[in-house]
Visitor: 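Questions regarding the structure given below will be posed in turn.
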Amino acid sequence: MSTRPIIDVSELPHHGFDTLDPVWWGNNCLLAIETSMFAITIATYFYLRQNIHPWPPPLAQLTAPLNPLPNLGPGTATTAVLLFSCLPAVLVDLCARRNYRTGAQFGLIICLLCGVGAIVLRSFEFAAVRFRWDANAYGSVVWFMLGMHMAHLLTLTLEAFLLTLWIFKRQFDMKHRLDITALAIYWYWVVGIWLVLYSIIYFVPRVL
Amino acid sequence: MKVEFVSQNDKMFGLPLIHEEESESAIENDRREMERTWARPHGVRGFLIETDHKVIALRYIITAFVFFLLGGLEAALMRIQLARPESHFLNPDLYNQIFTVHGTTMMFLFAVPIMTAMGIYLVPLMIGARDVAFPRLNAYGYFVYLIGGLLLYASFLLNTGPDAGWFSYVPLAGPAYSPGKRVDIWAQMITFTEISGLIGAVVIIGTAFKMRAPGMSLHRMPLFVWAQIVTSFMIIFAMPAVMLASSFLASDRLVDTHFFNPAEGGDAILYQHLFWFFGHPEVYIIFIPALGFISPIIITFSRRKIFGYTAMVLSLVATAFIGFGLWVHHMFATPLPQMSQSFFTAASMMIAIPSGVQIFCWIATLWGGKITVRIPLLFVLGFFAIFVLGGLTGVMLAAVPLDLQIHDTFFVVAHLHYVLIGGSVFPLFGAFYYWFPKWTGRMLNERAGRLNFWLMFIGFNLVFFPMHQLGLKGMPRRVYTYMPDSGWGTLNLVASIGAFILALGVLVFILNVFWSRRAGEIAGDDPWAADTLEWSTSSPPPAYNFLYLPIVQGAYARWSQSSPAPLVKGLSTKKRETLVTSVVDAVPELRFEIPGPSYWPCLLALATAETFIIGIFTPWAFVVGAVLAFAVLFGWFWGNPDYENLKALETRARPEHEQRPPKLQPEKA
């Protein structure tokens, strides 16, 4: 019988936060994909803008109001709700890291309410654009931007819902605490992307 | 942290280093437990729930190869049609469908998936991991790809095959000039293949970054793995562009948006930008993994270390970056500002530099080596000849005046086949010969291999070299026939004869595979005396890849191993555990549990299929699809993997009448 050098890894932990865990990398790669999606959509927006002067074009039919600029109200309300939702998202993130279940439960409920609120407000934004998707290229691209972000709001809220259900009905285990930190990253990303989209959709027609 | 192999202080990577007595019975015991923990499901159920990366990858490879044969069949039909002037073998409409389906198949259903599949099979083995990081996601990617391919061919057989070219330019592909559902099929097939490609990329990045064997720091990573990582990053940034292009196109056709409709402020050139912002990196997404095959083959058959490892890695990365700055050279025939034409010409010429650096590094490696010309190396040498020619015509096409002359002629067809077949298919066949022993445990026949190579090499040059001349003489691509007085008849006939020689070469390969699988020479673990870790396990590898994970002590894992080689112990044999290490230095960090077989990936793929196939006909499919997807994801999330694994374990361990699900133990926080 010969001897062989071995290293014993049986004392290593099963889970670790952030860059330790492969799931963090997978999650961020998916967000990188979605970021390229939005970046190319924004490029499309500016490309099409070269073709329509003024941008947006004047309203064809004489309905009130005559102003073709997108109505700031619903969009700004969504932005406010999403910005506020970062507070509970940070809370949930910290509570997951520090293994504080009640705090995470409280934060997730607030997050869920914000998510639902943002989705409801978003549905008014489509009308605030004043052009339908099939009116012209301006309507098409703005609806597409709003719709794609709406899809992320839905996914985000449903993911938060699943995690809330888990930590209320089951355990506050390490695996799902990790999932919660991943959810928080997704949350910041959805809000961050929205700030860019918001400033483009609502202010490029006004300022540029 | 220092990662050198130091045995003093009885610590390595901060972990206890023990000199252990080897005991046969303990090893046998571990092996038996691992076999049970990692047991593969069988039959139809097994097909639906399997997550083993090797099984999924071989499925990918076989499926993609079948698509390669179908694409080749379409090419043969086109060559029969073009063999003589004024032929009526195919009618114009069928010819349009055939060249579109041929291009689409080769690019989306063969080239990209098979390159990703090679990575999915080999990356975990080369880096010393038990499986990929996200095996269920990986299984989902395969099902989505399979459904996308079936969609294309089902519609082709129903005479609804797409017919607007593999890049489906608007306005031809728009609602005004392509009524019916043909282009919609194309657009949704893109969605399927891109989802699967993106998932493959995420899986490979997660695996290669976090699951390398202890000691395999980034500067010791095999060049194959580098190539796969670089490709995966290119996929992440390039493929969204084509998904958007095809989504905009589909929505223009289905719900009357105006992205590409100039009458309402849309733009047809925008489509070309979006398509080629993906389409040019796509060439490198196909080509860079092939570079990854070439390096290990050259290292093995010249019996020496690679010349200029760092230069090779930097060239791969540089190729990827520059690859994103070339897309406009596909659009030189559109009205572009002269400034941008000059910029993209410069970039297109610049990319020859990193490619050249790699070719010279390989030549330098071969120069100082003891060369044995086995079949894999033969294919690599064939690659040099063909790819250099394709690269040269590439530099020619980068010049705007020349490009304008020969745009959309057979010269471009010749160039792209020299680059793609020379740059990818030849290395791929070399890779088949090189890794077939690992996949099956048997060698491919050497003499049949030589016949295969020479038929393919001669056939290939006979088909495509005359096309340069045809292009220069003005023969446009995508015409279904030509007049006798055009003078194109002879060269076309030569090309058609070449096509059949090429096909004969592929036929020899297929026969070789079938024959060798049964009667080939037994390969053993390491028939080539190679340096990478996949050769340190049995052929074919067990479901868990390595009984004990290896530790890497140098850039050439097997050549730099001390004897007896150090190993990792302490991972559970009762759960599917693998080691997670740090990204740069590969220092052990976690014992990571990998999920096992499951129905959810397949069900999610079905929900995806509903969304995009019914979505060809009505936008409500997306609403239904979202609900279905959420239902599946709920089940996926709520079904505890620990719970499922334990249940599977119990089911196998006990006689049938005693089976009952175990209780779920709450995990201690």
Visitor: Among Val255(B), Asn261(B), Leu274(B), which residue forms the greatest number of heavy-atom pairs with chain A at distances under 4.5 Å?
Guide: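 If we count pairs closer than 4.5 Å to chain A, Val255(B) comes out on top.
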
Visitor: Measure from the side-chain N and O atoms of Thr257(B) to the backbone N and O of Ala137(A), and report whether any donor-acceptor pair falls under 3.5 Å.
Guide: no

Visitor: Between Trp638(B) and Trp166(A), what is the ring plane arrangement, given parallel below 30°, perpendicular above 60°, and tilted in between?
Guide: perpendicular

Visitor: To the nearest 0.5 Å, how far apart are CG in Asp8(A) and CE in Met12(B)?
Guide: 12.0 Å

Visitor: Would you give the length of the straight line joining atom CD of Glu593(B) to atom NE2 of His15(A), rounded to the nearest 0.5 angstrom?
Guide: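 Reported to 0.5 Å precision, the distance equals 7.5 Å.
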
Visitor: Which of the residues Ser582(B), Pro214(B), Ala565(B), Ser232(B) is involved in the greatest number of heavy-atom pairs with chain A at under 4.5 angstrom?
Guide: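 Looking at each option in turn, the highest pair count goes to Ala565(B).
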
Visitor: Is any side-chain heavy atom of Pro22(A) closer than 4.5 Å to one of Val580(B)?
Guide: yes

Visitor: Taking Ser140(A) for its side chain and His258(B) for its backbone only, find out whether a donor-acceptor pair lies under 3.5 Å.
Guide: yes

Visitor: Identify the heavy atoms of Trp25(A) and Val583(B) that sit nearest to each other, and give their distance.
Guide: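 Nearest pair, atom of Trp25(A) first, then Val583(B): CZ2-CG2, 3.3 Å.
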
Visitor: Measure the shortest side-chain to side-chain distance between Asp21(A) and Leu590(B) over non-hydrogen atoms and say whether it is less than 4.5 angstrom.
Guide: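 Asp21(A) reaches Leu590(B) side chain to side chain.
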
Visitor: Does any backbone or side-chain atom of Asp179(A) lie under 4.5 Å from a heavy atom of chain B? Answer side chain, backbone, both or neither.
Guide: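 It is the side chain, since no backbone atom gets that close.
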
Visitor: Can you tell which part of Ala39(A) gets under 4.5 Å to a heavy atom of chain B, answering side chain, backbone, both or neither?
Guide: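 Neither part.
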
Visitor: Which one wins on heavy-atom pair count under 4.5 Å against chain B: Gly16(A), Ser10(A), Ala151(A)?
Guide: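 Going by pairs under 4.5 Å, I would pick Ser10(A).
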
Visitor: When rounded to the nearest 0.5 angstrom, what is the spacing between CZ in Phe131(A) and CD in Glu264(B)?
Guide: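 Taking CZ in Phe131(A) and CD in Glu264(B), the distance rounds to 10.5 Å.
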
Visitor: Looking at Val568(B), Ile235(B), Val202(B), Leu244(B), which one has more heavy-atom pairs under 4.5 Å with chain A than the rest?
Guide: Leu244(B)

Visitor: Is it the case that over 12 heavy atoms from other parts of the model lie below 6.0 angstrom from the CZ atom of Arg206(A)?
Guide: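 Yes, the 6.0 Å shell around CZ holds more than 12 heavy atoms from other groups.
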
Visitor: Can you tell which of Ala32(A), Pro57(A), Ala135(A) has the highest number of heavy-atom pairs within less than 4.5 Å of chain B?
Guide: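 Result: the option with the highest number of such pairs is Ala135(A).
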
Visitor: Which value, rounded to the nearest 0.5 Å, describes the distance between Ser251(B) atom OG and Trp133(A) atom CH2?
Guide: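 Answer for the OG-CH2 pair, Ser251(B) versus Trp133(A), is 11.0 Å.
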
Visitor: I'd like to know if the side chain of Lys210(B) reaches the main chain of Val23(A), judged simply by a donor and an acceptor atom lying under 3.5 Å from each other, with no hydrogens or angles considered.
Guide: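 No, the answer is negative, given that no donor and acceptor are paired below the 3.5 Å cut-off.
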
Visitor: Out of Leu567(B), Ile18(B), Leu549(B), Leu15(B), which one pairs with Ile7(A) under the side chain to side chain contact (heavy atoms under 4.5 Å, CB included) rule?
Guide: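 The option that passes is Leu15(B).
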
Visitor: First locate atom CZ of Phe630(B), then atom CZ of Phe161(A), and finally report the distance between them rounded to the nearest 0.5 Å.
Guide: 6.0 Å

Visitor: Taking the six-membered ring for Trp, are His273(B) and Tyr47(A) ring centroids under 6.0 Å apart?
Guide: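 Yes: the rings meet the under 6.0 Å criterion.
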
Visitor: Which heavy-atom pair separates Ile205(B) from Cys29(A) by the least distance, and what is that distance?
Guide: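 That would be CG2-SG, 3.8 Å.
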
Visitor: With sequence neighbours excluded, what pairs up with Arg132(A) under the salt bridge (Lys or Arg N to Asp or Glu O under 4.0 Å) test?
Guide: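 Testing Arg132(A) for salt bridge (Lys or Arg N to Asp or Glu O under 4.0 Å), a comparison that skips the adjacent residues, returns Asp134(A).
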
Visitor: Got a salt bridge between Arg4(A) and Glu22(B), using NZ or NE/NH1/NH2 to carboxylate O under 4.0 Å?
Guide: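 Here Arg4(A) pairs with Glu22(B) in a salt bridge, since their nearest N and O are under 4.0 Å apart.
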
Visitor: Would you mind checking which part of Met211(B) comes under 4.5 Å of any heavy atom in chain A, side chain (CB onward), backbone (N, CA, C, O), both or neither?
Guide: neither

Visitor: Quick one: which of Thr41(A), Ile52(A), Leu20(A) has the most heavy-atom pairs under 4.5 Å with chain B, could you say?
Guide: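 Maximum pair count with chain B is reached by Leu20(A).
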
Visitor: Using a 6.0 Å cut-off, check whether atom CZ of Phe203(A) has over 12 heavy atoms from anything other than its own residue.
Guide: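 Atom CZ in Phe203(A) is packed in, count exceeds 12.
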
Visitor: By a 4.5 Å heavy-atom criterion (distance strictly below it), what part of Leu163(A) contacts chain B: side chain, backbone, both, or neither?
Guide: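 Both the backbone and the side chain of Leu163(A) come within 4.5 Å of chain B.
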
Visitor: Please report the shortest heavy-atom distance between Lys575(B) and His14(A), naming the atom on each side.
Guide: NZ-NE2, 3.9 Å

Visitor: Which atom names give the shortest non-hydrogen contact between Leu17(B) and Pro5(A), and what distance separates them?
Guide: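 That closest heavy-atom pairing would be CD1-CB, 4.4 Å.
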
Visitor: In terms of heavy-atom pairs under 4.5 Å, which option from Ile40(A), Val9(A), Leu30(A), Leu48(A) contacts chain B the most?
Guide: Val9(A)

Visitor: Under a 4.5 Å cutoff for heavy-atom pairs, which residue among Asp256(B), Ile236(B), Ile199(B) has the most contacts with chain A?
Guide: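 Between Asp256(B), Ile236(B), Ile199(B), the count favours Ile236(B).
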
Visitor: List the atom of Phe134(B), the atom of Gly26(A), and the distance in Å for their closest heavy-atom pair.
Guide: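 So the minimum-distance heavy-atom pair works out to CZ-CA, 3.7 Å.
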
Visitor: Mind checking whether Val141(A) and Phe248(B) have side chains closer than 4.5 Å, heavy atoms only?
Guide: no

Visitor: Determine whether the aromatic ring centres of residues Phe637(B) and His176(A) are separated by less than 6.0 angstrom.
Guide: yes

Visitor: Please identify, among Thr581(B), Leu633(B), Val203(B), Leu270(B), the residue contributing the most non-hydrogen atom pairs under 4.5 Å to chain A.
Guide: Leu270(B)

Visitor: Checking Ala133(B) against chain A: side chain, backbone, both or neither under 4.5 Å from a heavy atom?
Guide: side chain

Visitor: Report which part of Phe209(B) has an atom under 4.5 Å of a heavy atom belonging to chain A: side chain, backbone, both, or neither.
Guide: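 Contact with chain A is through the side chain of Phe209(B) alone.
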
Visitor: Where is the tightest heavy-atom contact between Pro564(B) and Thr3(A), given as atom of each residue plus distance?
Guide: CG-O, 3.3 Å

